[in-house]
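Chain naming here is simple, since letters A, B, ... match the order of the sequence lines and numbering starts at 1 in each. Excluded from the calculations below are hydrogen atoms, water molecules and symmetry mates; all remaining heavy atoms, backbone and side chain alike, are included.
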2 protein chains.
Amino acid sequence: MKIKLDMSSSIPIYVQLRNQIVMGIAKGELQVGDYLPTVRQMAQDSGINVMTVNKAYSILKSEGFIEIDRRFGAKICPRKDSSFEFREKLEEELSLIIAESELKGIDKNDFFEMCKSIYDRINIVSVKGCEV
Amino acid sequence: MKIKLDMSSSIPIYVQLRNQIVMGIAKGELQVGDYLPTVRQMAQDSGINVMTVNKAYSILKSEGFIEIDRRFGAKICPRKDSSFEFREKLEEELSLIIAESELKGIDKNDFFEMCKSIYDRINIVSVKGCEV
DNA sequence: ACTTATTTCATATACAATATATGCAAAATT
DNA sequence: AATTTTGCATATATTGTATATGAAATAAGT
């Protein structure tokens with residue numbers, strides 16, 4: 001997959017990288033069991049520092065999207081999360097986005113149409129959880 | 001409305017404040033034409049610095065949720081935004097959230113149920129845009 | 001017109017987060 | 001055991017966040 005980083009964005013570089021990898025997994029561009037480029041390779045390809053890549057990978061690891069081993073690097077390995085905490089955090093994020101949408105003139109129907117369109121357009125694949 | 005700031009959160013204080021004010025407007029707790037507390041008052045009530053409050057209000061102003069005048073302070077005055085840019089940004093945020101949800105095991109139906117529940121629970125009011 | 005009161009805004013500083021450069025540690029392969 | 005290749009640790013510079021303080025703007029009162 002192709003990583004595009006916007007150096008002028010207010011979103012930190014490591015967050016942009018993290019986000020694009022998550023999107024890549026969801027779209028099936030990165031498959032369970034695939035390996036990400038090494039931190040050195042990704043840094044070189046993207047024109048950023050290895051430690052910045054390492055930060056993104058670290059976060060993805062702690063969020064449960066990848067597993068890292070020192071010899072082989074970062075493997076796509078998403079873990080489901082049915083915890084109350086995850087769900088609560090998601091609801092909070094969605095609540096804010098819904099509030100903003102409403103205030104900006106995007107009503108409930110429009111919002112749902114947008115979500116449907118996203119599910120269709122991005123072609124989110126059903127991803128098997130990672131079995132150990 | 002009651003502002004609650006989590007000083008241990010990774011979300012910057014000014015962002016938390018901004019978010020809660022947006023939620024407050026969407027829920028009708030803050031009405032079009034209402035005035036927010038002055039930056040000094042809000043700072044005192046919340047136990048933070050006036051400049052931190054000022055940053056939040058500044059952002060709300062530039063995002064088009066409030067209007068500020070020097071004499072009277074910050075007035076709730078949300079402006080609709082039908083621009084392509086706003087919509088595009090919203091779709092991008094939603095895309096990422098949808099991708100994460102899917103990877104964490106929350107499928108499309110579940111996601112839509114959650115959104116419905118949010119619309120119902122938060123009781124988002126239809127907010128009249130601010131007429132000048 | 002001038003003064004007062006009350007508000008936001010500007011400036012400066014300390015601390016935290018981000019991004020980087022470099023070398024160390026771990027682990028499989030040779 | 002040595003080599004290779006990988007992530008990880010440490011240190012530093014820059015930028016963002018949070019704060020303290022005073023200046024500027026503006027309506028109301030005298």
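By the side-chain contact (heavy atoms from CB on, under 4.5 Å) test, Val22(B) pairs with Leu96(A), Ala99(A), Glu100(A), Leu103(A), Arg18(B), Leu60(B), Phe65(B), sequence neighbours left out.
Enclosure of atom CD in Glu29(A) by more than 12 non-hydrogen atoms of other residues, nucleotides or ligands within 6.0 angstrom is indicated.
Taken to the nearest 0.5 Å, the CZ atom of Phe112(B) stands 13.5 Å off from the CD1 atom of Ile106(B). Rounding to the nearest 0.5 Å gives a distance of 11.0 Å between CG of Asp120(B) and SG of Cys115(B). Atom CZ of Arg87(A) is separated from atom CG of Leu94(A) by 10.5 Å, given to the nearest 0.5 angstrom. The CE atom of Met114(A) lies 10.0 Å from the CD1 atom of Ile98(B); values are rounded to the nearest 0.5 Å. Atom OH of Tyr57(B) and atom OG1 of Thr38(B) lie 7.0 Å apart (nearest 0.5 Å). Atom CD1 of Ile3(B) sits about 5.0 Å away from atom CD1 of Ile21(B), to the nearest 0.5 Å.
Taking every heavy atom of residues 54-65 of chain A and every atom of DNA chain D, pairs under 4.0 Å involve Asn54(A), Lys61(A), by number. Residues of residues 42-52 of chain B that place a heavy atom closer than 4.0 Å to DNA chain C, in numerical order, are Met51(B). Within residues 33-41 of chain A, the residues that have a heavy atom under 4.0 Å from DNA chain D are, in order of number, Thr38(A), Val39(A), Arg40(A).
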Contact list (N/O, under 3.5 angstrom) for nucleotides 26-30 of chain D vs protein:
| unit_1 | atom_1 | unit_2 | atom_2 | d |
| --- | --- | --- | --- | --- |
| dA27(D) | O4' | Arg71(B) | NE | 3.3 |

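With hydrogens and angles disregarded, no donor-acceptor distance shorter than 3.5 Å links the side chain of Ser46(A) to the backbone of Ala43(A). Looking only at distances, no side-chain donor or acceptor of Ser117(A) sits under 3.5 Å from a matching main-chain atom of Glu113(A). A donor-acceptor pair under 3.5 Å links the side-chain atoms of Asp34(B) to the main chain of Gln31(B), judged by distance alone. With hydrogens and angles disregarded, a donor-acceptor distance shorter than 3.5 Å links the side chain of Ser95(A) to the backbone of Glu91(A). Without hydrogens or angle criteria, Gln16(A) side chain to Asp6(A) main chain gives a donor-acceptor distance under 3.5 Å.
Distance Arg18(A) CZ to dT18(C) C1': 17 Å, rounded to the nearest Å. Atom pair Asp69(B):CG and dC9(C):C1' shows a separation of 13 Å (rounding to whole Å applied). Note: CD (Gln16(B)) to C1' (dA18(D)) measures 13 Å, nearest angstrom. For the pair Ile68(A) CD1 and dA26(C) C1', the interatomic distance rounds to 14 Å; values are reported in whole Å. Per the geometry, CE belonging to Met7(B) stands 15 Å off P belonging to dA16(C), to the nearest Å. Between the CD1 atom of Ile13(B) and the P atom of dA17(C) there is a distance of 11 Å, rounded to whole Å.
Partner of Lys89(B) under the salt bridge (Lys or Arg N to Asp or Glu O under 4.0 Å) criterion, out of Glu85(B), Glu93(B), Glu92(B): Glu93(B) alone.
Rounded to 10 degrees, the angle separating the terminal axes of the helix from dA1(C)-dT30(D) to dT30(C)-dA1(D) is 10°, with each axis obtained from five end pairs.
When the side-chain nitrogen and oxygen atoms of Tyr14(A) are compared with OP1 and OP2 of dA19(C), none of them lie within a distance under 4.0 Å.
Follow the hydrophobic side-chain contacts under 4.5 Å out from Ile25(A) and you reach Met1(A) in the same cluster.
Contact detail for Val53(B) and Leu17(B): the closest heavy-atom pair is CA-CD2, 4.0 Å.
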